[in-house]
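For ligands, and for the atoms within them, numbers begin at 1 and follow the listed sequence. FYI, the numbering just counts along the sequence from 1. Just so it is clear, the values below take in all heavy atoms, side chains as well, and ignore hydrogens, waters and symmetry mates. This structure is a prediction, so every number in the text was calculated from the model and none was measured.
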Amino acid sequence: MEIFKKIGTWTLRILGALLFILLMAYGIIYYKTKQRLNKVYQVNIPNQQIPTDSASLASGKHILDTRGCVDCHGPDLGGKVFLDDPALGFIAGPNLTGGKGGLGRSLTAHDWIRGIKHGVDKAGKTLLIMPSHEFFHLTNKDLTYLVGYLQTLPPVDRELPKSTLGPMLRILYQVGKFPNLAPAELIKDHNAPVSFAQQTGVSKEKGKYLAVNCQGCHGDNFKGRDLGIPGIKPSVDITATGNPGKWTEAEFMTTLRTGRTPEGKQLNQKDMPWNVTAQFTDEELKSVYAYLLSFQ
Ligand code: HEC
Ligand code: HEC
């Protein structure tokens with residue numbers, strides 16, 4: 001039948017045009033992503049003495065344990081694949097040790113600091129997904145403790161393939177849903193001074209320093225946030241107006257150490273990394289509690 005043939009050809013033409021538009025749109029997204037990720041950052045790194053005494057190394061290990069590094073770089077810091085999905089891509093936290101396949105031996109103190117604090121690699125380009133925008137505020141002292149400890153990691157032989165970005169991740173990044181892809185972009189002024197002083201004891205200021213690492217998930221004002229990314233659970237209000245406002249300091253501490261809330265809910269480490277907060281000292285947890293409750 002002539003008429004059906006005609007409709008058939010038109011349907012094909014329309015589908016072809018749609019496919020062409022989609023491919024063009026993706027081409028633009030691909031190109032723009034490449035352009036943004038290739039930006040070169042100029043960062044000044046002052047010469048720092050890296051301490052190697054045992055007290056400094058212990059402080060360095062504590063910083064490592066309380067900043068979630070193991071979640072992406074593996075419990076032995078020998079590297080870990082934390083995303084392997086055809087649409088999103090393949091992303092691995094690299095092996096940080098001096099073993100086979102590790103970065104450890106090739107990084108100088110300058111390189112360590114540039115990577116951790118600025119999210120920038122040797123070539124001056126942004127690292128992918130490494131949350132340096134949450135480590136930028138680390139005091140110089142804490143940063144040098146951390147690097148000192150990283151330089152003593154027992155070597156682990158583990159070679160991981162290079163990370164590759166899937167189409168969905170590029171799209172989410174371009175529409176502004178996944179800015180964390182390029183941490184160096186999130187640091188407004190790479191050469192701004194650190195606004196925190198080294199703290200001792202229990203204080204809101206210390207709580208503020210530690211709570212920077214909660215903001216990525218709980219939001220800048222800690223009132224909870226939905227990142228809108230499939231597979232990532234929305235977080236909840238952890239200020240005076242949320243459940244922590246009803247808890248005693250002791251209950252707050254137990255929750256962050258065991259993942260079990262006073263309401264009897266067991267938090268999943270994959271959603272809420274209480275394995276990390278469990279490593280906080282009493283002083284640190286009390287400081288975070290005091291700071292969070294100051295948000296009404
Ligand atoms: C959310 C996951 C995640 C967390 C948490 C994380 N990293 Fe990373 N890190 C990565 C990824 C992914 C890369 C590789 C980035 C790339 O290849 O572009 C990386 C790269 C690095 C590099 C390599 C820098 C370079 O120049 O190549 C260092 C050093 C590093 N991370 C240290 C740390 C330390 C120390 C911590 C904790 C304070 C930490 N990371 C926490 C995901 C993470
Ligand atoms: C990787 C994302 C992520 C990070 C980082 C994170 N949280 Fe959470 N947190 C969540 C999510 C998601 C929930 C809700 C889990 C649920 O409902 O099962 C949660 C729940 C909580 C709860 C329980 C609240 C309630 O009403 O039961 C507390 C308390 C909490 N977080 C405190 C913190 C603190 C303090 C930090 C920083 C030291 C932090 N979180 C860092 C994602 C995160």
*Got a second to check how far S287's OG is from Y209's OH, nearest 0.5 Å?*
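The OG atom of S287 sits 12.5 Å away from the OH atom of Y209.
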*Nearest 0.5 Å, what's the CZ-CG distance between F196 and L210?*
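The CZ atom of F196 sits 9.0 Å away from the CG atom of L210.
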*Is there a donor-acceptor contact under 3.5 Å linking the side chains of Q279 and T66?*
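Absent: no donor and acceptor within the cut-off.
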*E284 and H62: side chain donor to acceptor below 3.5 Å*: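 Yes, H62 and E284 have a side-chain donor paired with an acceptor closer than 3.5 Å.
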Quick one: look up the protein heavy atom nearest [atom] and list residue, atom name and how far away it is.
atom                    : answer
atom 17 (O) of ligand 1 : K162 NZ, 4.3 Å
atom 28 (C) of ligand 2 : I238 CG2, 3.5 Å
atom 29 (C) of ligand 2 : W247 CZ3, 3.6 Å

*asked:* Polar contacts were defined as any N/O atom of the residue lying under 3.5 Å from an N/O atom of the ligand; does this apply to S235 and ligand 2?
replied: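 Between S235 and ligand 2, no N or O pair is found under 3.5 Å apart.
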Element-labelled atoms of ligand 1 that are located less than 4.0 Å from some non-hydrogen atom of [X]:
X    : result
I116 : 32 (C), 35 (C)
C72  : 1 (C), 2 (C), 3 (C), 4 (C), 5 (C), 42 (C), 43 (C)
P131 : 1 (C), 3 (C), 4 (C), 5 (C), 6 (C), 7 (N), 43 (C)
L103 : 23 (C), 27 (O)
L150 : 35 (C)
W112 : 29 (C)
G68  : 5 (C)

*Only one of V120, I187, D121 passes side chain to side chain contact (heavy atoms under 4.5 Å, CB included) with Y41; say which it is.*
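Answer after filtering V120, I187, D121: V120.
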*How about M130: does one of its N, O or S atoms come closer than 2.8 Å to atom 8 (Fe) of ligand 1?*
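Yes.
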_For H190 and F136, take the angle between the two ring planes, folded into 0 to 90°, and tell me which bin it lands in: parallel under 30, tilted 30 to 60, perpendicular over 60._
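Ring orientation, 0 to 90° scale: perpendicular.
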_Once you measure the plane-to-plane angle for Y289 and F252, does it fall in the parallel (<30°), tilted (30-60°) or perpendicular (>60°) bin?_
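Answer is tilted, since the angle falls between 30° and 60°.
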Tell me which one of [options] gets a heavy atom nearest to [atom].
atom                    : options          : result
atom 34 (C) of ligand 2 : C214, G242, G224 : C214
atom 8 (Fe) of ligand 2 : H218, K233, R225 : H218
atom 42 (C) of ligand 2 : D271, T261, D71  : D271
atom 24 (C) of ligand 2 : V212, V236, N243 : V236

_Looking at ligand 1, would S132 count as a contact under a 4.0 Å heavy-atom criterion?_
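Contact check S132 vs ligand 1: negative.
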*Is the shortest distance from a heavy atom of P94 to ligand 1 less than 4.0 Å?*
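Per 4.0 Å heavy-atom rule, P94 contacts ligand 1.
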*Give a yes or no on whether M272 keeps an N, O or S atom under 2.8 Å from atom 8 (Fe) of ligand 2.*
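Under 2.8 Å: M272 contacts atom 8 (Fe) of ligand 2 through an N, O or S atom.
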Short list, please: which atoms of ligand 2 are under 4.0 Å from a heavy atom of [X]?
X    : answer
N213 : 5 (C)
L256 : 29 (C), 32 (C), 35 (C)
T277 : 38 (C)
C217 : 1 (C), 2 (C), 3 (C), 4 (C), 5 (C), 42 (C), 43 (C)
K265 : 16 (C), 17 (O), 18 (O)
P234 : 12 (C)

*Would you check if the side chain of N95 reaches a backbone N or O of V156 as a donor-acceptor pair within less than 3.5 Å?*
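Checked: pair present.
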[X] and [Y] ion-paired at < 4.0 Å:
X    : Y    : value
R158 : D76  : yes
R257 : D282 : yes
D65  : K61  : yes

*asked:* Suppose we call two aromatic rings close when their centres sit under 6.0 Å apart. Are F178 and Y173 close by that rule?
replied: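 No, the ring centres sit 6.0 Å or more apart.
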*asked:* Ignoring hydrogens, what is the shortest heavy-atom contact between T52 and L57? Give both atom names and the distance.
replied: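 Looking at all heavy atoms of both residues, the closest pair is O-CD1, 3.6 Å.
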*Looking only at distances, please establish whether an N/O atom of ligand 1 is found under 3.5 Å from an N/O atom of L128.*
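Yes, L128 has an N/O under 3.5 Å of an N/O on ligand 1.
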*Which N, O or S atom name in H73 marks its closest approach to atom 8 (Fe) of ligand 1?*
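Restricting H73 to its N, O and S atoms, the minimum distance to atom 8 (Fe) of ligand 1 goes to NE2.
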